[in-house]
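Convention: sequence-line order gives letters A, B, ...; per-chain numbering from 1.
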Amino acid sequence: MESEFLERIKLGIFLEYNSTTIEKKWQEYWAKNGSFEPTEDFTKEKKYILSMFPFPSGRLHMGHVRNYSISDAFARYYRQQNFNVLHPIGFDSFGMPAENAAIKNGSHPKGWTYNNIDYMKGEFASLGFSFSKERELATSDELYTKFEQGFIIDMFENGLLYREKGLLNWCPHDQTVLANEQVVDGCCWRCDTPIVKKDMNQYYFKITQYADELLDSLKNLDGGWPKQVLTMQENWIGKSNGLEFDLFFDESSKEKLSNTFDSFDVFTTRPDTIYGVSYTALAPEHKIVTYMIENNLLSDEVIAQIKYMTNTSSIDRQKEKKGIALGLNVVHPLTDKTVPVWIANFVLMDYGSGAVMAVPAHDDRDFDFAKKYDLAINAVIKPYEGELSSDAAFTEVGELFNSGEFDGLNSKKSQYNIIKYFEENKIGKKTTNYRLKDWGVSRQRYWGAPIPFIHCEDCGLVMEKKENLPIALPEDVEITGEGNPLDNHPTWKHCKCSQCGKDAIRETDTMDTFVESSWYFLRFCASPANWEKEAFSKEQLSYWMGVDQYVGGIEHAILHLLYARFFTKVFRDLGYLDFDEPFDNLLTQGMVLKDGAKMSKSKGNTVDPDAIIEKYGADTARLFILFAAPPTQELEWNDNAVEGAYKFIKRFFDRSSNIVKTDTIPTINHSTLSKDEKYARKKVYEALVRANDVYNEKHTFNTLIAGTMEAMNALNAQTNSDVWSEGYWILSSIMEPVIPHVCWDISSEYFSLNNLNPQVVVDEVFVEDSVTLGVSINGKRRTEIEVALETTKEDIIEMAKEAASKWLEDKEIVKEIVVPKKLVNIVIKG
RNA sequence: GCCAGAGUGGUGGAAUGGUAUACACGGCGGAUUCAAAAUCCGCUGUCGCAAGACUUAGGGGUUCAAAUCCCCUCUCUGGUACCA
């Protein structure tokens with residue numbers, strides 16, 4: 001008997017799949033029913049599924065679609081599993097592109113931003129993402145600014161925010177300061193302009209106070225976070241242990257410096273090489289150098305060279321080692337020999353103390369410099385095997401010599417002894433240094449949250465009163481690209497001192513936008529009913545946090561993810577919350593490529609999500625994106641494969657006509673089924689088993705989709721309508737997180753939406769009467785045998801030998817191995 | 001340089017010690033059609049007429065058995081980089 005659909009295929013009649021109609025219908029249904037709002041019933045088990053929120057640039061790109069397709073699959077799955085799911089979205093809406101657009105086309109940053117947000121909300125809806133609507137927010141909302149400014153004040157009061165003059169990274173194009181984390185290869189992370197150093201006042205978050213904890217608690221994230229990200233953060237924090245000690249000038253050098261300085265301190269991670277010190281080097285910005293310039297102790301020519309060094313961008317400074325002898329000497333702390341003091345361009349003022357001891361014999365960098373300027377190279381470590389070479393520095397572990405009482409020690413182990421010696425004689429101490437710097441957060445731009453401080457002539461730097469928050473941006477500004485619009489505004493900055501009431505000046509710097517993204521995930525936990533009243537409550541935070549699954553791009557591995565961890569720890573210490581880490585599990589999705597390159601406007605290889613939705617529908621876009629590669633890998637766009645995804649959905653929709661309407665899963669007597677029918681059931685339940693595994697553990701949606709396709713192929717090879725119905729009951733349930741619209745449509749048409757629930761695995765479908773075993777000779781597969789399930793091991797071996805007799809002639813059988821239900825391996829000799 | 005990750009058909013990828021190449025794309029052939037699209041069916045790792053042999057970047061090792069574990073080399077990707 002032929003099934004109805006085979007008849008229809010012959011006649012060319014299909015169920016017409018119209019993505020637009022179906023998707024619109026269900027999007028309206030979800031919106032009307034508030035289907036994706038979490039409940040406030042905190043007795044239910046929860047899942048907090050979060051994707052990194054977008055900057056409202058105007059339109060979604062494929063990277064966004066991938067990001068939210070992944071998080072939406074998680075959210076929808078856990079909703080099916082009866083969890084209380086929080087899957088919120090917002091917009092990281094402050095930032096320079098809004099101002100750049102204003103400069104370019106005269107729009108107001110606010111209007112530009114909120115227009116974009118409206119458009120992008122429409123795109124989210126058309127993709128069927130199951131975001132909570134009630135909790136949508138934009139970080140440029142005044143309500144958001146209000147609470148953020150409150151936090152800033154709290155942090156300032158607790159010494160976690162301070163203002164200081166310092167050498168800053170300045171982007172000449174964007175006319176603003178950048179954090180170290182925002183300088184990429186010496187250039188601005190946004191516009192690629194080479195950075196220059198500028199001396200100015202700036203606000204800093206004291207992130208270095210948390211350096212140790214940020215590093216140590218990375219190990220608690222092991223397993224939940226990709227290793228790569230953990231390593232990147234570890235390297236970024238850059239903890240190193242070593243010895244810090246003072247180098248004292250000799251008498252004549254002290255005189256030259258008019259006894260203003262008698263020493264400077266240096267840091268080394270290689271105290272074992274201390275006897276090999278043959279020169280020392282200061283950063284060109286070092287205070288001793290500055291003193292010498294100011295007091296005319298150096299020739300004009302030398303001063304010009306120093307100025308050149310300090311004004312060179314860090315990229316150029318790295319090209320060639322340059323040095324200047326200062327004509328000063330220090331005394332070696334252990335040998336009392338004099339050691340010359342140099343300026344070297346490779347010594348960085350902002351690491352350690354801006355001065356180093358140099359051991360050319362055992363450090364590549366010091367070696368290059370010594371060769372160039374013909375300085376002494378004193379070896380003090382020799383290899384355990386082989387000879388020391390004079391052509392290169394020996395940087396391995398070896399045995400100490402020419403090192404006084406430490407001779408003969410293993411260089412690695414001697415570090416402890418040498419540090420101990422320095423400490424006992426009070427000439428130095430064990431120290432830890434970090435690469436991590438405090439986070440500079442002020443920006444000289446308009447479109448950001450104002451820093452809520454006031455400069456008063458009498459009181460100095462004072463905080464704004466909390467009841468006056470938010471300090472909102474003025475709307476009547478001119479954005480020209482020249483200077484800081486807040487500073488140029490005629491009235492905005494004039495205010496009264498919050499302490500003495502006298503006329504004062506408002507701080508015109510605004511905050512780095514990474515401040516907003518450092519706590520938005522906490523704001524989402526707040527019940528919208530209380531949004532006006534409070535930023536969030538401890539009770540709500542302790543229910544929803546930490547984020548069970550965070551999904552976003554690897555490009556945020558350091559910046560955002562480090563700052564968000566820092567804020568969480570600060571908020572904990574300020575008593576706002578009581579956990580240590582914000583994100584329990586992190587999935588970093590790969591980039592979307594086309595023709596092997598990242599999709600970008602400048603390369604002209606973008607694919608517009610709206611166009612794909614219009615042509616094929618949101619379900620096709622989502623299916624392709626989740627099927628083409630595992631989420632953590634790069635995804636190569638392929639128009640043909642998109643077409644393939646569309647065809648699968650069409651087929652999936654069309655064959656649903658084989659379902660017999662039912663409100664419960666059909667009961668099937670498995671033993672009465674034909675071989676094809678049994679096989680189809682097995683494939684369906686295999687897909688179910690795989691689905692649970694994928695959603696909970698492996699996150700390889702591509703294999704879940706492949707499993708569904710296999711099950712469809714198997715269903716297609718049989719005609720039992722109960723098997724069809726059961727198959728669809730399960731497949732439309734496990735595929736709902738991926739292609740929600742078409743699954744809801746089928747489910748409502750045939751199952752009264754009763755199948756979008758946890759599905760029970762039926763074990764009987766996996767029980768088989770016979771099994772095919774591979775037969776291998778010496779591990780190489782040669783043939784196969786089909787055996788009944790209860791066949792004894794001996795019989796299996798006999799059958800295998802017979803089947804493989806061709807390969808066994810004249811051979812001695814050494815061993816026979818039977819792996820139940822898998823294979824037989826026969827080991828032969830000769 | 002250092003640190004991490006990866007290398008499987010023409011392509012995206014599957015298999016995490018047990019029948020390598022699932023699923024899909026592309027290609028080829030067929031059915032349907034006046035024709036095309038759509039749809040359906042079949043074939044498709046390499047060499048070979050076949051029997052068969054070979055095949056997971058390359059080399060070595062462990063094991064009855066390795067894409068998978070270990071060692072070496074190469075290549076690619078990402079991060080970081082004169083960090084003392």
Side-chain angles (χ1 to χ4, degrees), chain A residues 5-6 8-14 184-185 226-236 238-240 242-244 266-270 273 280-281 283 314 317-321 344-348 350-359 363-366 368-369 395 433-435 554-555 557-558 590-591 624 627-630 632-645 647-648 650-651 654 700 702-710 712-713 716 772-784 806 814-828:
Chain A
F5 89 86
L6 282 174
R8 283 190 299 108
I9 286 162
K10 280 193 172 159
L11 299 166
I13 304 165
F14 306 104
V184 179
D185 293 333
K227 248 199 167 49
Q228 191 193 5
V229 175
L230 296 175
T231 313
M232 282 163 72
Q233 292 218 350
E234 195 181 316
N235 292 342
W236 188 263
K239 180 178 184 169
S240 56
L243 171 69
E244 187 182 70
V266 294
F267 171 75
T268 179
T269 54
R270 293 292 307 274
T273 64
T280 70
S314 64
R317 207 162 139 173
Q318 280 180 36
K319 282 184 185 152
E320 196 189 350
K321 291 185 178 48
N345 65 345
F346 62 78
V347 181
L348 308 175
D350 53 7
Y351 184 80
S353 57
V356 296
M357 66 174 218
V359 187
D363 181 277
D364 293 325
R365 185 198 56 200
D366 296 347
D368 291 347
F369 191 83
T395 56
N433 257 306
Y434 297 92
R435 225 186 67 104
I554 187 80
E555 66 272 19
I558 298 169
M591 287 190 300
F624 165 73
F627 182 51
T632 55
Q633 277 181 40
E634 288 178 341
L635 181 149
E636 174 71 33
W637 190 266
N638 179 335
D639 289 325
N640 284 321
V642 175
E643 190 83 34
K647 284 180 189 169
F648 172 78
K650 258 169 88 170
R651 206 157 45 232
D654 178 59
T700 47
N702 54 328
T703 65
L704 150 67
I705 296 163
T708 301
M709 289 172 168
E710 284 177 49
M712 277 300 290
N713 291 344
N716 212 26
T772 306
L773 301 179
V775 177
S776 306
I777 310 297
N778 288 352
K780 186 122 253 162
R781 183 184 180 277
R782 294 301 181 185
T783 181
E784 62 184 33
K806 187 164 150 187
V814 183
K815 202 169 177 178
E816 292 135 349
I817 290 131
V818 177
V819 182
K821 294 184 188 170
K822 299 265 188 200
L823 54 76
V824 181
N825 190 20
I826 299 169
V827 185
I828 58 171

Heavy-atom check, side chain of [X] versus side chain of [Y], under 4.5 Å:
{"X": "A:Thr708", "Y": "A:Phe648", "value": "yes"}
{"X": "A:Arg365", "Y": "A:Lys321", "value": "yes"}
{"X": "A:Glu784", "Y": "A:Leu823", "value": "no"}
{"X": "A:Val824", "Y": "A:Glu816", "value": "no"}
{"X": "A:Asp364", "Y": "A:Thr395", "value": "yes"}

Problem - Syn/anti state for B:G9 [syn: chi within 90° of 0] - result: syn
Determine the contact category for [X]: base if any of its heavy atoms lies under 4.0 Å from a base atom, sugar-phosphate if only primed atoms, P, OP1 or OP2 are that close, otherwise nothing.
{"X": "A:Val266", "result": "nothing"}
{"X": "A:Asp368", "result": "nothing"}
{"X": "A:Val827", "result": "sugar-phosphate"}
{"X": "A:Lys321", "result": "base"}
{"X": "A:Glu244", "result": "nothing"}

What's the gap between [N] and [M] when it is taken at their [atom1] atoms, as a whole Å value?
{"N": "B:U21", "M": "B:U46", "atom1": "P", "answer": "14 Å"}
{"N": "B:C69", "M": "B:U75", "atom1": "C1'", "answer": "22 Å"}
{"N": "B:C3", "M": "B:G58", "atom1": "C1'", "answer": "24 Å"}
{"N": "B:A20", "M": "B:A66", "atom1": "P", "answer": "10 Å"}
{"N": "B:U32", "M": "B:U39", "atom1": "C1'", "answer": "9 Å"}
{"N": "B:G12", "M": "B:A57", "atom1": "P", "answer": "14 Å"}
{"N": "B:C49", "M": "B:U56", "atom1": "C1'", "answer": "29 Å"}
{"N": "B:U62", "M": "B:C70", "atom1": "C1'", "answer": "7 Å"}

Whole angstrom value for the distance that separates [atom2] of [N] from [atom1] of [X]:
{"X": "A:Tyr434", "N": "B:C83", "atom1": "OH", "atom2": "C1'", "value": "14 Å"}
{"X": "A:Met709", "N": "B:C25", "atom1": "CE", "atom2": "C1'", "value": "10 Å"}
{"X": "A:Ile558", "N": "B:G79", "atom1": "CD1", "atom2": "P", "value": "9 Å"}
{"X": "A:Glu710", "N": "B:C23", "atom1": "CD", "atom2": "P", "value": "5 Å"}
{"X": "A:Asn433", "N": "B:C83", "atom1": "CG", "atom2": "P", "value": "13 Å"}
{"X": "A:Met712", "N": "B:U39", "atom1": "CE", "atom2": "P", "value": "13 Å"}
{"X": "A:Lys650", "N": "B:A37", "atom1": "NZ", "atom2": "P", "value": "13 Å"}
{"X": "A:Leu348", "N": "B:U80", "atom1": "CG", "atom2": "C1'", "value": "14 Å"}

Any protein N or O atoms within reach of nucleotides 60-63 of chain B? Criterion: under 3.5 Å, listing atom names and distances.
none

Check whether any side-chain N or O of [X] sits under 4.0 Å from OP1 or OP2 of [N], and answer yes or no.
{"X": "A:Arg365", "N": "B:A81", "value": "no"}
{"X": "A:Ser240", "N": "B:A84", "value": "yes"}
{"X": "A:Arg435", "N": "B:G79", "value": "no"}
{"X": "A:Asn713", "N": "B:A24", "value": "yes"}

Closest heavy-atom pair and its distance - [X], [Y]:
{"X": "A:Ile554", "Y": "A:Val229", "value": "CD1-CG2, 3.7 Å"}
{"X": "A:Ile777", "Y": "A:Arg782", "value": "CG1-CG, 3.5 Å"}
{"X": "A:Gly354", "Y": "A:Val347", "value": "O-CG1, 3.5 Å"}

Please determine, for the side chain of [X], which listed nucleotide ([options]) has the closest atom?
{"X": "A:Arg651", "options": "B:C82, B:G5, B:C40", "answer": "B:C40"}
{"X": "A:Arg781", "options": "B:A20, B:A81, B:A84", "answer": "B:A20"}
{"X": "A:Ala706", "options": "B:G79, B:A84, B:A22", "answer": "B:A22"}

Exercise for the section: Output all residues satisfying ring pair (Phe, Tyr, Trp, His ring centres under 6.0 Å) with A:Tyr434, sequence neighbours left out; order by chain, then residue number. Expected result: none
Problem - By ring pair (Phe, Tyr, Trp, His ring centres under 6.0 Å) - contacts of A:Phe624 (at least two apart) - result: A:Trp637
Exercise for the section: State whether the side chain of A:Asn825 and the backbone N or O of A:Val818 hold a donor-acceptor pair below 3.5 Å, judged by distance alone. Expected result: no
Under 3.5 Å, which protein N or O atoms sit close to an N or O of nucleotides 7-14 of chain B? Give each pair with its distance.
unit_1 : atom_1 : unit_2   : atom_2 : d
B:G12  : O2'    : A:Ala628 : O      : 2.4
B:G13  : OP1    : A:Gln633 : OE1    : 3.1
B:G13  : O3'    : A:Asn702 : ND2    : 3.3
B:A14  : OP1    : A:Asn702 : ND2    : 3.0

Fill in the blank from the handout: Whether each nucleotide of nucleotides 65-71 of chain B has a protein heavy atom under 4.0 Å at its base (B), only at its sugar-phosphate (S) or at neither (-) is summarised, 5' to 3', as S------
Completion exercise
5'-most contact on RNA chain B (nearest-nucleotide basis), A:Thr268 vs A:Asn235, goes to A:Asn235
Exercise for the section: Report the residue (A:Asn640 or A:Gly352) whose heavy-atom-nearest nucleotide on RNA chain B is the more 5′ of the two. Expected result: A:Asn640
Completion exercise
Any stem touching RNA chain B, meaning at least three consecutive Watson-Crick or G-U pairs under 3.5 Å, ordered by first number, would be B:1-7 with B:74-80, B:10-12 with B:23-25, B:26-31 with B:39-44, B:45-47 with B:52-54, B:57-61 with B:69-73
